[in-house]
There are 2 protein chains.
Amino acid sequence: MRRRDRIIEAAIELFGEVGYRAAGLRDIAARAGITHPGLLYHFGSKEELLAAVLQHRDEQQESMISAVHMTPEAVLAALYALAEQNTAEVKLVEMFATLSAEATDPNHPAHEYFTCRYADVRRRFTALAQVLVDAGWTRPGLTAEIAATNIIALMDGLQIQWLYDPEAIDMVAQLDCFVRSVVLVSPT
Amino acid sequence: MRRRDRIIEAAIELFGEVGYRAAGLRDIAARAGITHPGLLYHFGSKEELLAAVLQHRDEQQESMISAVHMTPEAVLAALYALAEQNTAEVKLVEMFATLSAEATDPNHPAHEYFTCRYADVRRRFTALAQVLVDAGWTRPGLTAEIAATNIIALMDGLQIQWLYDPEAIDMVAQLDCFVRSVVLVSPT
DNA sequence: GTCTATACCCAGATAGAC
DNA sequence: GTCTATCTGGGTATAGAC
């Protein structure tokens, strides 16, 4: 079972660097220390490998955000924690940035996955934002859904600029600027 | 010269759909109504075609934003106009979203182009934001550079979500929400 | 489980006819 | 200018030895 994980790790790396379509099974296998038929013994096809990679990530990050019964303070804390975690897991961020753009194409094998994922993430973040709105912490005239969509977009976009120039972009500071514009109650 | 333009248009389409690396010269040529050696007569190599596509776009959008001697009102108007224009030129938006993620890889032939482009866009937008800051229109404690980085990130991220579900995302409305959080003077 | 060898296909690019 | 034909390299996947 250790082998499978090494392959998945290698796949995350290469999918992030060149995208799914341009990534070669030989390259992925080499990084995992085997040859490409060896890889195909474990996964069977390239698409199966992709599915495993996406599922792996979902499991790993399952419990992150469940908005139920959260205080406004906890919501804000969770937001900053998420941004900080992103700056740490470079490889995973790189892969998601690359794949989410590539899978825009309806024919892409991960298209459905990302369509559902964005809908889901938007739902979760809307619930989070609603906590802030209900608490009266937000700027008047702001709806939870629009704010949620904006914050997701912000994080996605920041990740791209950050990948081009990690020195120039401080994602947490950028997020903080955004939050302070939207949240009126002092965020500590 | 009409032929060249048809090829470039087809290339924009396919680069947007599947990315540069996964796009085939035969597909591009077919969409332009010729065969792939015919295409190579005009451009010589795939990379040359990519360069032509990027340059074509730069020329077309050259005069968009020059911040010199702009009033705060004009800055805001330009921002909204840009967002509206983006919703119109679907193909171009799709290509830039796809390529800017793909070219994150330092080995990508467009990597240098996008590195420079982001630095340049960030510089221009910072100048625009500075006009608002100097006019006292912005929330206190806000720096022009951070705001500029955020607004670029926002637009990039919105484009991705919009490509997945055009019905669900109104880019101008999203931008408006962001602007109203940052700009305190009534934006009409 | 992992390998070598190979089948088969499609990529970018070139040669040379028209 | 655009074509057909072809070269070479790399892609995914399979067969079969060890």
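A, B, ... follow the sequence lines: proteins, then strands. Residue 1 opens every chain. Owing to the predicted nature of the structure, the values given are computational and were not obtained by experimental measurement.
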Q: Between B/Phe96 and B/Phe114, is a ring pair (Phe, Tyr, Trp, His ring centres under 6.0 Å) present by the stated rule, with each step listed?
A: CA-CA 10 Å; B/Phe96 265 80; B/Phe114 276 99; 5.7 Å; yes
Q: Scan B/Leu40 against the nucleic acid and name what it touches under 4.0 Å (heavy atoms): base, sugar-phosphate only, or nothing.
A: base
Q: Assign A/Ala23 to base, sugar-phosphate, or nothing according to its heavy-atom contacts below 4.0 angstrom with the strands shown.
A: sugar-phosphate
Q: Starting at atom CZ of B/Arg2, determine the distance to atom P of D/dG1, rounded to an integer number of angstrom.
A: 15 Å
Q: Please give, in whole Å, the distance from D/dG1 C1' to B/Ile7 CD1?
A: 11 Å
Q: Could you tell me whether A/Lys46 sits above the aromatic face of A/Tyr20, with NZ or CZ closer than 6.0 angstrom to the six-membered ring centre and within 45 degrees of the axis?
A: yes
Q: Roughly how many Å is it from CG in A/Leu49 to P in D/dG11, rounded to a whole number?
A: 15 Å
Q: Before giving the answer on side-chain contact (heavy atoms from CB on, under 4.5 Å), spell out for B/Phe43 and B/Leu50 the whole-Å C-alpha distance, their side-chain angles and the decisive distance to 0.1 Å.
A: CA-CA 9 Å; B/Phe43 290 98; B/Leu50 173 63; over 6 Å; no
Q: Which whole-number value in Å describes the distance from B/His36 NE2 to D/dT2 P?
A: 15 Å
Q: If you compare every side-chain N and O of A/His42 against the phosphate oxygens of C/dT2 (OP1, OP2), does one of them come in below 4.0 Å?
A: yes
Q: Any idea which of D/dT2, C/dT2, C/dA13 is nearest the A/Ile34 side chain?
A: C/dT2
Q: Can you tell me how far C1' of C/dG1 sits from CZ of A/Arg6, to the nearest Å?
A: 14 Å
Q: Does a sphere of radius 6.0 Å around CD in B/Glu48 hold more than 12 heavy atoms from other residues, nucleotides or ligands, not counting ones at 6.0 Å or beyond?
A: yes
Q: Using whole Å, report how far CZ of A/Phe43 lies from C1' of C/dT2.
A: 15 Å
Q: Please tell me which of A/Pro37 and B/Leu39 maps to the more 5' nucleotide of DNA chain D, matching each residue to the nucleotide holding its nearest heavy atom.
A: B/Leu39
Q: Which one, D/dT4, C/dT6, C/dT4, comes nearest to the side chain of B/Thr35?
A: D/dT4
Q: Whole angstroms only, please: what is the CD-C1' distance between A/Glu48 and D/dA13?
A: 13 Å
Q: Look at the side chain of B/Arg3 and decide which nucleotide, out of C/dG12, D/dT2, C/dC3, has an atom nearest to it.
A: D/dT2
Q: Run the ring-centre check on B/His111 versus A/Tyr164 and record whether the distance is less than 6.0 Å.
A: yes
Q: Nearest to the side chain of B/Tyr41, which nucleotide is it out of C/dA13, D/dA13, D/dT2?
A: D/dT2
Q: Starting at CZ of B/Arg21 and ending at P of C/dG12, how long is that distance when rounded to a whole Å?
A: 13 Å
